[in-house]
There are 2 protein chains.
Amino acid sequence: MYFYENFIFVTLSEEDYIKAIYHLGKTQTAAVSTNAIAKRMATKPSSVSDMLRKLSDKGLVNYKRYKGVTLTDEGIATALNLVRKHRLWEVFLVDKLEFTWDEVHEVAEQLEHIKSEKLIDKLDQHLGFPEVDPHGDPIPSKNGEFKTSIKKLLKDLSIGTTGICVGVKDSSKTFLKFLDRKKIALGDEIKVLEREEFDGSLHIDIDGRDLHISKQIATNLYVKEV
Amino acid sequence: MYFYENFIFVTLSEEDYIKAIYHLGKTQTAAVSTNAIAKRMATKPSSVSDMLRKLSDKGLVNYKRYKGVTLTDEGIATALNLVRKHRLWEVFLVDKLEFTWDEVHEVAEQLEHIKSEKLIDKLDQHLGFPEVDPHGDPIPSKNGEFKTSIKKLLKDLSIGTTGICVGVKDSSKTFLKFLDRKKIALGDEIKVLEREEFDGSLHIDIDGRDLHISKQIATNLYVKEV
DNA sequence: ATTTTTATTTTGTCTAAATAAAAAAATGGC
DNA sequence: GCCATTTTTTTATTTAGACAAAATAAAAAT
Ligand SMILES: [Mn+2]
Ligand SMILES: [Mn+2]
Ligand SMILES: [Mn+2]
Ligand SMILES: [Mn+2]
């Protein structure tokens, strides 16, 4: 008969590392490298090595020296809970407090660390159980489930087809503000009129307006074909 | 020509110390003692000494060894801002997320440390610029001003007079839950019918109901005479 | 005036998180 | 397979915050 710690205490820093590993791991099948984590978190590889050993001791990651790192089931659960909290707070800031979608990230980065299960459940309810955050990213359910919608990049739409703008790949302030200036928002209907051979830029019809956008932009906008 | 740090960075721990000093200082004219702070924060006097030196270096407290501590103007401003944030979050939890008044303190204790001026301004607006928190405590304005209402303890009401219940002196979970069970809430109209010589207990009429309450209770309920 | 008690500070350690510099391991080219 | 380069880890330090034990100051008692 053994004694199990039901809940491991995870510090704020540890949480941020877990989240970084989660996001880096999403886009690749291989284990996440120390340097990649250091770069993303603007910290040093040596600090990352230290932390990985600690997270490994706590059973949150699978870590083999020099071989990169992956999240354990427990680590994934922790990451998904953080992503859930982060995105719910973002929805709160935009829907209830009139923040713009380029202002929410930094504050959500703090709020995601507040520890109260009841708080987040009630917040979810207060917001009407939203399925996506202000950037179109899906919000994991309480038990870590995702609505995976079939979205594609605007640049991959063929000429003549129409899509609803459902998300951004790059959610940097500069890109989001740029979209605001161009009056491109989630929910807009976009029809691809023509593609320029020269630079891959697109002529689109967005809710009745004609617009000419660079390939760069089309590469960072998600749409759902209709 | 000198360079001034416009904003001193105050850590979470420092903020909690500042708040403790503020609350302890409210009820007394003398400087706050090291031991009192240690007791309130469930920490050791030695830790407090260390911190007081640091806070003094940052210009947040006036500290003379062995002579206790008071807040500087900057310290007071910091404390009031924290109290403002703490109480606004408490209102949010009760008004918007259906928390009960005995559940809000621990969560607000975390939320008060979130750093974003815009967040708190917008929250204030979202809540309709409340003047008191769920325990009847006043919420400082953005520039640190208070609405000081003329309230007195229920035990100090004379026989036959009536008051509106406007606050609690003790806002511990046990007391708040007890009041819930007795169906005593802020806003209730209380008339003092009789005082027992023996134990100082009171017979009151509260919104039409007759109730017999101990002196202890009457000592922890604030009323506003009508 | 002296001693005792209480309150407070100092000192030395500890842990968490970070960095810089040095060492070790992996990798890619020949 | 060996070398040079890159990546990663180790080691030694630093800083913030905490605590226990020892030292000291102030207050109270004799
Ligand atoms: Mn964060
Ligand atoms: Mn987002
Ligand atoms: Mn706090
Ligand atoms: Mn309160």
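We name chains A, B, ... by the order of the sequence lines, and we start the count at 1 in each one.
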### Task
Could you tell me whether A:Ser49 contacts a base, only the sugar-phosphate backbone, or nothing, with contacts defined as non-hydrogen atoms closer than 4.0 Å?
base
### Message
If I take atom CD1 in residue B:Ile37 and atom P in nucleotide D:dA18, what distance separates them, rounded to the nearest angstrom?
### Response
13 Å
### Task
Would you tell me if any nitrogen or oxygen in the side chain of A:Ser13 comes within less than 4.0 Å of OP1 or OP2 on C:dA18?
yes
### Query
Can you tell me how far P of D:dT8 sits from NZ of A:Lys39, to the nearest Å?
12 Å
### Query
Given atom CD of B:Glu15 and atom C1' of D:dA16, what is their separation to the nearest angstrom?
15 Å
### Message
Looking at D:dT8, I'd like to know if its phosphate oxygens (OP1 or OP2) sit under 4.0 Å from a side-chain N or O belonging to A:Tyr63.
### Response
no
### Message
Expressed as a whole number of angstroms, how long is the span from A:Leu12:CG to D:dG17:P?
### Response
14 Å
### Task
Any ring-ring contact (aromatic ring centres under 6.0 Å, His included) involving residues 59-90 of chain A? Give me the pairs, sequence neighbours left out, ordered by first then second residue.
A:His86-A:His105, A:Trp89-A:Phe92
### Interatomic distance where CZ belongs to A:Arg53 and P belongs to C:dA18 [whole Å]
13 Å
## Note on the structure
Looking only at D:dA16, C:dA16, D:dT7, the nucleotide nearest the A:Asn35 side chain is D:dT7
### Query
Salt bridge between B:Lys58 and B:Glu14, side-chain N to carboxylate O under 4.0 Å?
yes
#### Entry: Pair A:Lys85 + A:Glu90: basic N to acidic O under 4.0 Å
no
#### Entry: Other residues, nucleotides, ligands: >12 heavy atoms within 6.0 Å of B:Asp73 CG
no
#### Entry: Distance in angstrom units between A:Met51 CE and D:dT9 C1', rounded
16 Å
### Query
Can you tell me if CD on B:Glu109 sees more than 12 non-hydrogen neighbours from other groups inside 6.0 Å?
yes
### Task
Choose from C:dT8, D:dT8, C:dA16 the nucleotide whose nearest atom is closest to any side-chain atom of B:Ser33.
C:dT8
### Message
Tell me whether A:Glu103 is salt-bridged to A:Lys173, with the criterion being a basic N under 4.0 Å from an acidic carboxylate O.
### Response
no
### Message
What is the separation between atom NZ on A:Lys54 and atom P on D:dT9, rounded to the nearest whole Å?
### Response
15 Å
### Query
Along nucleotides 19-26 of chain C, 5' to 3', which nucleotides get a B, which get an S, and which get a -, given that the test is a protein heavy-atom distance under 4.0 Å?
BBB--BSS
### Summary
Rounded to whole Å, the CG-C1' distance (A:Asp16 to C:dA18) equals 14 Å
## Note on the structure
Those residues at least two apart in sequence (or on a different chain) that pass side chain to side chain donor-acceptor pair (under 3.5 Å) with B:Asn35 are none
